[in-house]
Every structure is written in C-alpha cells, then in structure tokens.
Amino acid sequence: MNIGIDTRHTRTDAGNTQTRQALNLDASRQTHDYGTFTLDTQVTQQHATIPDEAAPETQEITATLYQNDWLLNDEWQMDNTVGVVRSAQNSLISQSNNLSLPSRTYLGSSSRLSDGKTEVRLMHGTKGEVLDNGDIATTEQAVTGLSVTRSLNAQWVVGAQGWQAQGEDAQQHHEATLAVQHTNASGSLQTKAQILTNEAGSGAWIDTEYQQDRFRHQAGAYALGDGLTWMGDDVADNTQGAYWRMGYTHPRYDTHSSIEWQQRQADAETHDTQELRLNQSLNYQYDRTTRTGGQLSHTQTQAADARQQTQGSVFVSRTWSSGQDSRLQLRVSHDQEPDATTQTRELDYSHHWLLPAANELSWQINARNEQDEAENRNIYQTGLDWQHHLSNGDNVGANLTLSKASPSDDDLGTHQNYRIFSRKQLNNKLNLEASIEQTHDTEGSRDQGISVALNYQDGWGKPLGRRDVRSGSIRGVVFFDENNDGRQQPLEKKAANIELVLDGRTPVTTDQNGKFVFPQVATGAHALEVAFSSIPLPWELSTDFNTKVTVGLRDTSTLAIPLAKVTDQ
C-alpha cells in the first residue's frame, strides 16, 4: 500500500494564487482464487484566488480498480479494469510502422480474456480527457467496443475490433477494423495488413518488415478515405502514401535511410497537397568512450503554396571512466516558403560530472540564431543542476535556468528560474519531498511556488509463490563462441557483466560465470534483448540467437546465448 499527500501553492505578482491538494492511494492485494486486486485512487481539491473575481473551489475524485491474472481454468485467464480506462488495442490492431489508431481515455470498464492464442477484449464507458494536472474531464459521449485476436498457427495471426461511439454531433458512429499478420518460417519476413471502415468510408494499409543479418528493411503503403473516425473522433482522411526504410547495424556504426511520399486530396476549403520526405542518419562508435554521428532530412511540399525544409545535425559525445560525460551538437535548418525564408542555427553543449562526496553536477548551454527577411534573433539558454546523494537514499539539490533573447518581445525575453528540492526518508515507511521555485520574466514579475509531498509505503503478508500463479522462469548463460558454431563448448569462456532486458523493462546482469536468471515470468511469449553497450569489443551478439522465449506454466526455459567475433562482412 502506498499513500501520498501532495500540496502545491503558487502566487504571482498580480496577486493570483492557486492551491492544489491531492491525496493518492495505491493499494494492492494478491489472492489465490481471483488474482491480484489493485486500487488506484486520487482525491484533488483546488482553490484559486483572482483579485476582483470569484474563483470557485473545485473537488474531484477518480478511482480505478484493476483485477489481473484471474485464472479461470488451466488455459484461460481474465483481467478486469473499472474506473479510468485507456482504450486498449493490441499491437496487431492498433500499431503499424507508419500509422496508429488513436487510444482514448474513458470512464467505464474493460475486460480481457486470453489463453495464449486467443484474446478477447470488452470495453464500455464515457469518453474523457486527462488534463495536465492529472484530473479527468468527462463528456457525454458513450463508447462500446469489442476486440478479438487469434493466432491460427506459428505463421498467421488475425484480429478484429469494432466500436460504437457517440460523436460530438450526438450521432451514433460505428467503426470496425480487420487485421492479419503473416510471419515466414524463419521469422525474417513479417507482413501486416489492415482495413478500417465506418458509415462514411474506408481505408487500408499494409506493412512489411524484412531482417537479414545486420540489415532491416521496412516498406508499406496506405490509403485512407473521407470521413473516417475511431471512437467517434476524426482520423486522417483523404490521404494516401507510401514509405521505405532501411537500417544497417554494426557493432561500431549504424545507418538508417528512409523515403516517404504522402498526398492529401483537396476538400471544399483546402488544396491538394503532396509531400516528399527524405532522411539519412549515421552513428559511429569511434571507441568505447567516443561516439559521433549526424542526420540530414529534406521535406518538399507541393500545394497551392510550395514549401521546402532542409535540416541537418552533427554530434559528438564522450564518456570517462570517472563517470563524466559530455555531448556537443550542431543543428542547422533552412525553411523556404513562397513569401519568406527562415534559417536557423543552433549549438547545444552539455556536461555531466560525478563529484566526490556523492555530489552530481550537470551543465547545459544552448545558443540559437533565427534569421529571416524581417529580423535576426539570437536566443541563449543555460542551465545548471546540482544534487547531493546520501547513503540512506536522501538527496538535496538545486537547479538554475537562464534564458535571454535579443531582440525580445512579450513571448520571449529574459527569464530566470530557480528551484531548490529535497527528499528525506523519515523512516522505512515514510518519506518527505519538498521544493521551492521562483521565476522572473522580462517584465520583472515574479511567480513563486512551493510543493510538499508526504508518502507512506507498507506491505503485509508474503507474495504468492510461482506454484500459486501462472508463471515460470528463465535462466541461462552468455558465452564467447570462439568457433562460431552456436553451441557452448567446455573450454569457451563465460561472459560476465552482460546486461539482458526482458520485454524492454526488466534488466538483469550476468554474474562472473556468465549466468543470469529471471525468477518469475508470466507464461507465454517474451522478447529477450542483450544490451549492445555491455558487450566488450571485438564481440557482438551472434545472429543465430533467437530473441523470442516461450515460458511454460511452472517451467524453466534454459538458454545459452553465444557472442560471436565481429567481422566486416
């Protein structure tokens, strides 16, 4: 259980004040029969004072209850959510290499049933919007959705999803999408195709991805008709396009190229628009401490008013054994329109120090020049950040940000921002965080703010073991494959201090014997990656290693991961 109380008070020179208080509760309980229950609740109270105006006090309560890993039988499990829900589409339905169906927030419920091959989602609620302060703004627009995805075999996956949504015009909208994915037997070629339709029109797109050795190619095309909506909201319509991307990754360098064409058809208020985008980037690892690279892009738009934009950047970064690191980057852009031409040059430098006595210091400076026919403007910004870490987890710090524009205007002139912050662990359950902030702008006005947060964390009981939940484990060894045969030989050395990441979020590091273990992993398919930066030269991850791992119920998946010597082929 976690409980947090957060209070923030701000005041301006004009006499405006605002006070916001929030109580956050996050409680979780694990059960044998019904999975894990988690309650996430926030109670906020906000009061503002504006001279000569009446500012009402507002209160809001939001709560979300999650139920995860409810085992219905040996095959099926169920997850439920009630409260503030984010509309969920799996990667097959919602995500492509170039387009994505939007995900919306709503107040209601969501249920997901899965057996590893089939997934069913049911969703219903009222659309809302998450504000910058974390509150939820609701509407009167109701939505109901159904999604089904099925793996037919190792190569084919199909899925469909439909929504009934009430739009801002108070009319009911119906949308549906059908997607299919095919992967060849070797896993090197994957193709996705999807169709989207509603009462007004339809759209479709196709994506292919091919990977061989160090090369990765992506290509696709799309065509979206007029009047397309998703959850009752408009999506890009009257648009067609195609793209191609290529990437080559080497232990010392990587390069990426792309070309994309898009056409948007005219309607009653706009003209036909065609756009061509080119992009090229290159990064080179000079040695273990120095890296350099650059990027060049060009966009050309053909419409009633033609436009061209060219951007380029180069950088160099360096790290030291003492923990220091620095980065220098230069960016240049040229934007040409029928009635104006703008040139921008920007230099950015940052340096980070690890100082004695657990001190940490960062400095950044940015210089920017913007030039057009009417004006030549220079903008300078610098920031300094200092932190002092204590052995018990406490820390204290401060940061300073200064910016100046010449010539200045009401939007951008001279600004100064100061902030002091601290975190104190009161005991093993309570910690206190506080900060004081002050901002000065061009007109000489000052805005002040203070924030205090008290957090409580505690737990009871013992977590359920692997035999009580649907999980297994992954363990293995990383070794130097001297003869490059993909198999571990008795005399081949083990690779220590290699970092592995499971599903992009759970890292482990091999011990001195090259061994690693993920002790509790949910059943099903997972992606295992090896961090390139942790592999010593002249070695790299062998192309024979399969990054897909399947975990069985209360079973241990054992892996032997080979590292091969770098070649120039």
Side-chain angles (χ1 to χ4, degrees), residues 27-40 64-95 101 103 106 108-125 143-164 176-183 190 192 194 461-474 502-506 518-528 548-557:
S28 179
R29 177 171 176 81
Q30 200 176 30
T31 68
H32 282 274
D33 299 325
Y34 301 103
T36 301
F37 290 85
T38 302
L39 176 64
D40 187 0
T64 305
L65 178 64
Y66 304 91
Q67 182 190 42
N68 298 317
D69 301 325
W70 181 12
L71 305 184
L72 302 179
N73 52 40
D74 290 341
E75 296 180 354
W76 288 88
Q77 73 178 45
M78 188 176 190
D79 301 327
N80 296 290
T81 304
V82 179
V84 181
V85 184
R86 190 75 174 172
S87 64
Q89 296 88 235
N90 60 36
S91 60
L92 172 65
I93 291 177
S94 68
Q95 299 175 9
L101 294 179
S103 180
Y106 64 91
S109 61
S110 172
S111 296
R112 172 183 174 272
L113 295 94
S114 174
D115 69 345
K117 292 184 177 181
T118 303
E119 180 186 89
V120 181
R121 295 177 185 261
L122 301 170
M123 297 155 283
H124 176 73
V143 291
T144 302
L146 171 64
S147 171
V148 180
T149 304
R150 171 71 177 176
S151 296
L152 303 180
N153 51 42
Q155 283 78 43
W156 289 94
V157 181
V158 296
Q161 183 166 322
W163 283 98
Q164 176 179 290
T177 183
L178 175 65
V180 60
Q181 173 183 298
H182 177 262
T183 306
Q190 185 179 88
K192 292 183 180 180
Q194 189 164 347
K462 294 176 59 179
L464 296 177
R466 293 198 304 271
R467 293 184 176 275
D468 300 309
V469 296
R470 188 183 296 275
S471 65
S473 62
I474 300 175
L502 185 65
D503 296 330
R505 60 179 181 270
T506 306
F518 294 94
Q520 188 165 343
V521 182
T523 57
H526 298 270
L528 182 62
K548 303 298 183 182
V549 183
T550 301
V551 177
L553 179 61
R554 294 191 288 275
D555 191 17
T556 299
S557 297

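Since this is a predicted model, take the numbers as computed values, not measurements. Throughout, numbering of the chain's residues begins at 1 and tracks the sequence.
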Exercise. With sequence neighbours excluded, what pairs up with Val180 under the side-chain contact (heavy atoms from CB on, under 4.5 Å) test?
Worked result: Trp156, Val158, Ala193
For this session: Would you check, one step at a time, whether the test side chain to side chain donor-acceptor pair (under 3.5 Å) holds for Ser473 with Thr556?
Result: CA-CA 5 Å; Ser473 62; Thr556 299; 2.8 Å; yes
Exercise. Counting heavy atoms not belonging to Arg150, are there more than 12 under 6.0 Å from its CZ?
Worked result: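 Counting other residues, nucleotides and ligands, CZ of Arg150 exceeds 12 neighbours.
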Exercise. If you count the non-hydrogen atoms of other residues, nucleotides and ligands that lie under 6.0 Å from OH in Tyr34, is the total more than 12?
Worked result: no
How long is the straight-line distance from [atom2] of [Y] back to [atom1] of [X], given to the nearest 0.5 Å?
{"X": "Thr183", "Y": "Gln181", "atom1": "OG1", "atom2": "CD", "answer": "4.5 Å"}
{"X": "Asp40", "Y": "Ser28", "atom1": "CG", "atom2": "OG", "answer": "11.0 Å"}
{"X": "Trp70", "Y": "Thr31", "atom1": "CH2", "atom2": "OG1", "answer": "10.0 Å"}
{"X": "Thr81", "Y": "Tyr66", "atom1": "OG1", "atom2": "OH", "answer": "6.0 Å"}
{"X": "Asn68", "Y": "Met78", "atom1": "CG", "atom2": "CE", "answer": "11.5 Å"}
{"X": "Thr38", "Y": "Gln30", "atom1": "OG1", "atom2": "CD", "answer": "9.5 Å"}

Of the non-hydrogen atoms in [X] and [Y], which two are nearest, and what is the gap between them?
{"X": "Ala179", "Y": "Leu92", "value": "CB-O, 3.8 Å"}
{"X": "Val157", "Y": "Ser151", "value": "CG2-OG, 3.8 Å"}
{"X": "Gly108", "Y": "Val85", "value": "O-CG2, 3.8 Å"}
{"X": "Gln194", "Y": "Ile93", "value": "NE2-O, 2.6 Å"}
{"X": "Ala160", "Y": "Leu178", "value": "CB-CD1, 4.1 Å"}
{"X": "Leu502", "Y": "Phe518", "value": "CB-CE2, 3.7 Å"}

Problem set entry | Residues forming a side-chain hydrogen bond (donor to acceptor under 3.5 Å, both in side chains) with Thr144, sequence neighbours excluded |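 With sequence neighbours excluded, Thr144 shows a side-chain hydrogen bond (donor to acceptor under 3.5 Å, both in side chains) to His124, given in chain and number order.
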For this session: Under the salt bridge (Lys or Arg N to Asp or Glu O under 4.0 Å) rule, collect the residues that match up with Asp79, sequence neighbours excluded.
Result: Arg112
Exercise. Are side-chain heavy atoms of Met123 and Gln161 found at a separation under 4.5 Å?
Worked result: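 Yes - at least one pair of side-chain heavy atoms lies under 4.5 Å apart.
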Exercise. With a 4.5 Å limit on heavy-atom distance, are the side chains of Thr118 and Thr149 in contact?
Worked result: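 Answer no - side chains too far apart.
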For this session: For the pair Leu113 and Leu72, evaluate side chain to side chain contact (heavy atoms under 4.5 Å, CB included) and give the outcome as yes or no after the intermediate values.
Result: CA-CA 9 Å; Leu113 295 94; Leu72 302 179; 4.0 Å; yes
For this session: Could you tell me whether a side-chain N or O of Thr64 sits under 3.5 Å from a main-chain N or O of Val84, the two making a donor and an acceptor?
Result: yes
